[in-house]
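Take this structure, written in structure tokens, and hold onto it; I'll ask about it next.
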Amino acid sequence: MDMSGMSDMSMPMATSTTMDMATGTATSAAAATTSAMSMGGMDMGGECKISMLWNWNVIDACFISSSWHIKSRGMFAGSCIGVILLGILLECLRRSAKEYDGYLVRKNAMDGFIAPVRASEANEEGGDSSKAPTQITTGNASHAGYRPKIYEQAIRALLHTAQFVVAYFLMLLAMYYNGYFIICIFIGAFIGSFIFQWEKLGSGRQTGVANEPTVCCG
């Protein structure tokens with residue numbers, strides 16, 4: 001038998017088998033790579049959309065940091081609700097600071113450290129003279145008012161700082177010029193003002209609006 005002929009026939013067959021195996025391996029690797037890339041694309045989502053012009057972006061909008069990346073309409077709706085709650089919280093903090101100051105005044109007036117207002121002074125301020133004291137307390141009372149204790153002033157400063165933080169956080173969100181977020185800020189301010197500034201008027205003291213140094217940032 002001619003062994004050389006058989007060897008010549010086996011060499012092309014071995015070469016063909018090797019090429020087929022290499023092609024199959026490359027195809028499998030390419031398919032795996034494509035699948036991994038598609039899965040990675042699904043996980044990462046699109047790029048952040050940040051605009052310094054008025055916009056109505058919803059999907060792929062980003063706020064404050066890349067971790068606040070809107071990937072669905074449900075996530076965007078939740079963010080809008082959060083912005084409204086921040087606006088309500090700001091008005092709540094403002095009212096809390098005002099009520100705490102009022103609490104300190106009432107507390108120390110009972111202890112005789114703050115002089116009550118004369119009836120004539122109450123009339124000048126627009127108050128009800130029938131409810132105003134006709135005399136000024138003696139002793140430690142004076143028109144100079146009352147200086148809060150250290151821990152009381154610390155609480156007042158904490159309430160002011162909380163207002164400051166929430167107000168500037170809302171300002172930063174507004175600077176993304178997203179129409180939906182800006183509308184939510186207005187809604188939060190309206191609801192918060194409706195709830196926490198609903199108070200008696202003409203009681204001889206300024207209202208919450210008159211005491212506000214600025215509407216924007218506390």
Side-chain angles (χ1 to χ4, degrees), residues 43-106 125-126 145-218:
D43 294 338
M44 293 175 61
E47 296 181 354
C48 285
K49 295 179 181 178
I50 299 176
S51 176
M52 297 303 294
L53 300 175
W54 188 270
N55 66 88
W56 298 95
N57 295 333
V58 176
I59 304 299
D60 289 333
C62 291
F63 302 95
I64 306 298
S65 68
S66 59
S67 59
W68 194 348
H69 184 177
I70 306 299
K71 298 182 180 179
S72 66
R73 294 187 180 274
M75 184 177 180
F76 187 80
S79 298
C80 288
I81 294 174
V83 172
I84 293 174
L85 292 177
L86 280 176
I88 297 174
L89 176 61
L90 178 58
E91 296 300 327
C92 177
L93 289 170
R94 285 175 172 168
R95 182 60 183 266
S96 298
K98 180 179 178 181
E99 290 297 324
Y100 185 70
D101 285 351
Y103 162 75
L104 293 179
V105 171
R106 292 190 301 270
E125 295 178 1
Y146 164 76
R147 182 178 294 275
K149 298 179 176 65
I150 293 179
Y151 72 90
E152 293 172 342
Q153 181 62 21
I155 295 175
R156 296 179 74 237
L158 181 62
L159 289 172
H160 177 75
T161 303
Q163 294 179 57
F164 196 83
V165 171
V166 174
Y168 270 87
F169 194 80
L170 287 172
M171 184 189 70
L172 288 175
L173 290 176
M175 289 177 64
Y176 284 87
Y177 300 99
N178 186 285
Y180 297 110
F181 267 32
I182 292 177
I183 292 173
C184 289
I185 292 173
F186 294 158
I187 293 174
F190 173 81
I191 296 175
S193 177
F194 185 87
I195 296 174
F196 297 107
Q197 291 188 17
W198 195 350
E199 54 188 336
K200 291 182 179 180
L201 303 178
S203 58
R205 63 178 182 176
Q206 290 182 320
T207 63
V209 175
N211 288 329
E212 290 298 333
T214 174
V215 177
C216 170
C217 306

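Values below: every heavy atom of this structure, side chains too, minus hydrogens, waters and symmetry copies.
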dist D101:CG -> S96:OG (nearest 0.5 Å) comes out at 11.0 Å
Sequence neighbours excluded, the answer for side-chain contact (heavy atoms from CB on, under 4.5 Å) partners of I183 is W56, I187
**Message:** Working to the nearest 0.5 angstrom, can you tell me the gap between E199 CD and L201 CG?
**Reply:**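 If I round to the nearest 0.5 Å, the distance is 6.5 Å.
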With sequence neighbours left out, the residues meeting ring pair (Phe, Tyr, Trp, His ring centres under 6.0 Å) with Y176 are F63
Worksheet item: If you look only at pairs with a residue in residues 77-101, which of them pass as a ring-ring contact (aromatic ring centres under 6.0 Å, His included), with sequence neighbours excluded?
Response: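 Qualifying pairs: none.
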Q) With ring centroids as reference points, do Y168 and F164 lie under 6.0 angstrom apart? A) yes
Practice prompt. Kindly say whether N178 contributes a backbone atom to a donor-acceptor pair with the side chain of N57 at under 3.5 angstrom?
Written response: no
Next item on the list: Please list, chain by chain and in numerical order, all residues satisfying side-chain hydrogen bond (donor to acceptor under 3.5 Å, both in side chains) with K49, sequence neighbours excluded.
Entry: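 K49 satisfies side-chain hydrogen bond (donor to acceptor under 3.5 Å, both in side chains) with no other residue.
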If the condition is ring pair (Phe, Tyr, Trp, His ring centres under 6.0 Å), which residues does F194 pass it with, not counting sequence neighbours?
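With sequence neighbours excluded, F194 shows a ring pair (Phe, Tyr, Trp, His ring centres under 6.0 Å) to W198, given in chain and number order.
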Residues in side-chain hydrogen bond (donor to acceptor under 3.5 Å, both in side chains) contact with S67, at least two apart in sequence or another chain:
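Per chain and number, S67 pairs via side-chain hydrogen bond (donor to acceptor under 3.5 Å, both in side chains) with S65.
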>> In the structure I gave you, are the side-chain heavy atoms of D60 and H69 within less than 4.5 Å of one another anywhere?
In response: yes
For E91 and A189 the tightest heavy-atom approach is CG-O, 4.1 Å
task = Indicate the atoms forming the closest heavy-atom contact of A174 with I182, along with that distance.
result =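 Looking at all heavy atoms of both residues, the closest pair is O-CD1, 4.0 Å.
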*NZ/K98 to CZ/F196 distance, rounded to the nearest 0.5 angstrom?*
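Reported to 0.5 Å precision, the distance equals 13.5 Å.
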Exercise for review: Return yes when the gap between the SG atoms of C62 and C48 is under 2.5 Å; return no otherwise.
Suggested key: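 Correct, these two cysteines form a disulfide.
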message: How long is the straight-line distance from CD1 of I185 back to CG of L170, given to the nearest 0.5 Å?
response: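 The CD1 atom of I185 is 5.5 Å from CG of L170, to the nearest 0.5 Å.
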Tell me, do Y177 and N55 make a side-chain contact under 4.5 Å, heavy atoms counted?
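Answer yes - side chains close enough.
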- [ ] For the pair Y180 and V83, evaluate side-chain contact (heavy atoms from CB on, under 4.5 Å) and give the outcome as yes or no after the intermediate values.
- [x] CA-CA 10 Å; Y180 297 110; V83 172; over 6 Å; no
Q) Should S79 and F181 count as side-chain neighbours, where that means a heavy-atom distance under 4.5 Å? A)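 Yes, at least one pair of side-chain atoms sits under 4.5 Å.
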